[in-house]
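To start, the structure under review is shown below, and the notes come after it.
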Amino acid sequence: MQVVKIATWNVNSLRVRLPQLLVWLQQNPVDVLALQETKLTDDAFPHAELEAAGYRAAHSGQKAYNGVAILSRLPLTEVSRDLPNLDDAQKRLIAATVEAPSGPLRVISAYVVNGQAVGSEKFDYKLRWLAALSDYLGQELSRHRHLAVVGDFNIAPEDRDVHDPEAWRERILCSTPERSRFRALLELGLVDALRQYTDAPGVFTWWDYRQAAFRRNLGLRIDHVLVTAPLAKRVTEVGVDLGPRRNERPSDHAPVVVHLAPA
DNA sequence: ATGGTGGGTTACCCA
């Protein structure tokens, strides 16, 4: 049986990032790649280019904003694009079952609401969206033993995930209500794969385009891979690939990659 | 205290 490699990457426009994505997949032939912020309608999704690279894909997108996808070298079944319990026009969630030789793996690609500023209307929408995600994951966990929720959570779970915790204290991405909602996801029975792998501070996945934040490593860890306990036992490696963030015209996020030993 | 950068579209946008 083979190791299964899964990754997640907020590409901030798949139209702009597709060439970089194809290069990255060639160098990092992961089995599954979840994307966020494709910013494409479904009819504009580059299925042909990805198929030529060996990947089929399920996408849920819209014009200009949001958009999530799951790319896979293995068959995808049971694709779902709904977030129950929330009347939401924004395309922020897609789920599919990856039919791996070692057994089915449920993958959910999520682009959590950014929230703009603590206390704003968008912040309220973020908290409601996270509550609906919790409800949905509760249902999914009752059906799928090997499940991974991956994507841009727009939450830095702890101070060690923030370059300057005092400057970010109770600000968007770091506030207590957001961190409580993130902990609630873990309390459903999910494990933060990166934190199972390492206690190291200063592991970041996002750096603002402004103020040369990447060069100065002013980052936050807001992209995550959450796995069920049976999957957590199979995790052998978790890493953030800084390579794509060094590209010209990069996404502001870096990919997170997880290796799973055979079941 | 502000604004900076880079996606998107042509907006009092979104991150």
Side-chain angles (χ1 to χ4, degrees), chain A residues 8-24 33-46 49 59-69 71 83 86 88-94 109-130 133 150-157 161-164 166-175 177-179 181-182 204-224 240 242-256:
Chain A
T8 182
W9 190 10
N10 178 325
V11 290
N12 187 18
S13 171
L14 186 54
R15 207 186 299 278
V16 171
R17 237 60 72 186
L18 182 61
Q20 295 180 38
L21 175 66
L22 293 171
V23 168
W24 190 81
L33 174 59
L35 302 179
Q36 300 84 37
E37 284 206 88
T38 59
K39 299 185 176 179
L40 295 174
T41 51
D42 291 347
D43 62 296
F45 191 84
E49 291 89 336
H59 179 243
S60 180
Q62 65 186 86
K63 193 170 159 185
Y65 305 112
N66 310 312
V68 286
L71 280 48
L83 183 57
L86 191 72
D88 189 15
Q90 302 194 12
K91 305 297 189 188
R92 298 179 170 277
L93 188 90
I94 189 166
S109 175
Y111 174 47
V112 176
V113 177
N114 172 282
Q116 193 178 52
V118 174
S120 67
E121 270 183 38
K122 286 173 186 168
F123 185 73
D124 183 59
Y125 168 45
K126 181 177 197 171
L127 297 185
R128 286 187 288 111
W129 201 92
L130 285 163
L133 179 64
V150 310
D152 177 0
F153 287 73
N154 268 316
I155 301 172
D161 302 312
V162 181
H163 67 90
D164 184 346
E166 291 314 318
W168 283 84
R169 186 75 60 212
E170 295 303 335
R171 300 191 65 139
I172 196 67
L173 314 180
C174 299
S175 73
E178 292 165 84
R179 287 179 170 177
R181 290 294 203 286
F182 186 84
F204 306 136
T205 66
W206 170 80
W207 301 259
D208 200 298
Y209 283 122
R210 295 164 283 193
Q211 299 178 321
F214 182 65
R215 182 177 55 72
R216 300 158 65 201
N217 199 25
L218 307 181
L220 273 67
R221 188 174 72 96
I222 58 175
D223 299 87
H224 307 295
V240 180
L242 301 182
R245 191 63 180 79
R246 297 191 183 102
N247 288 346
E248 277 186 49
R249 281 193 95 183
S251 167
D252 45 351
H253 295 252
V256 182

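Proteins get letters first, then strands, A, B, ... in listed order; numbering begins at 1 in each. These numbers come from the heavy atoms of this one structure, side chains and all, not from hydrogens, waters or symmetry mates.
Only the C1' atoms considered, dG4(B) is 13 Å distant from dA15(B), to the nearest whole Å. To the nearest whole angstrom, the two P atoms, one in dG8(B) and one in dC14(B), are 16 Å apart.
To the nearest 0.5 Å, the span separating CD1 on Ile94(A) from CD on Gln36(A) amounts to 11.0 Å.
Rounded to whole angstrom, the span from the CH2 atom of Trp9(A) across to the P atom of dG7(B) amounts to 12 Å. Rounded to whole Å, the distance from CD on Glu248(A) to C1' on dT5(B) is 16 Å. Protein atom CG of Leu21(A) is 16 Å distant from nucleotide atom C1' of dG7(B), rounded to whole Å. Put simply, CG on Leu218(A) is 20 Å from P on dG3(B), counting in whole angstrom units. Atom pair Arg245(A):CZ and dG7(B):P shows a separation of 10 Å (rounding to whole Å applied). In this structure, Arg215(A) places its CZ atom 18 Å from P of dG4(B), rounding to the nearest Å.
With a 6.0 Å radius and a threshold of 12 heavy atoms from other residues, nucleotides or ligands, Arg128(A) has its CZ atom above the threshold. Within 6.0 Å of CZ in Arg15(A) there are 12 or fewer heavy atoms belonging to other residues, nucleotides or ligands.
At least one side-chain nitrogen or oxygen of Arg17(A) sits closer than 4.0 Å to the OP1 or OP2 atom of dG7(B).
The closest donor-acceptor contact from the side chain of Ser175(A) to the backbone of Ile172(A) lies at 3.5 Å or more, if one exists at all.
A 3.5 Å limit on both hydrogen-bonding distances identifies dG6(B) as the Watson-Crick or G-U partner of dC14(B).
Contacts of Phe123(A) classified as ring pair (Phe, Tyr, Trp, His ring centres under 6.0 Å), with partners at least two apart in sequence or in another chain: none.
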Return the polar atom pairs (N/O with N/O) between nucleotides 13-15 of chain B and the protein under 3.5 Å, or none.
| residue | atom | partner | partner atom | Å |
| --- | --- | --- | --- | --- |
| dC14(B) | OP2 | Lys122(A) | NZ | 2.8 |
| dA15(B) | O3' | Asn114(A) | ND2 | 3.3 |

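Among residue pairs with one or both ends in residues 244-254 of chain A, none qualify as salt bridge (Lys or Arg N to Asp or Glu O under 4.0 Å); sequence neighbours excluded.
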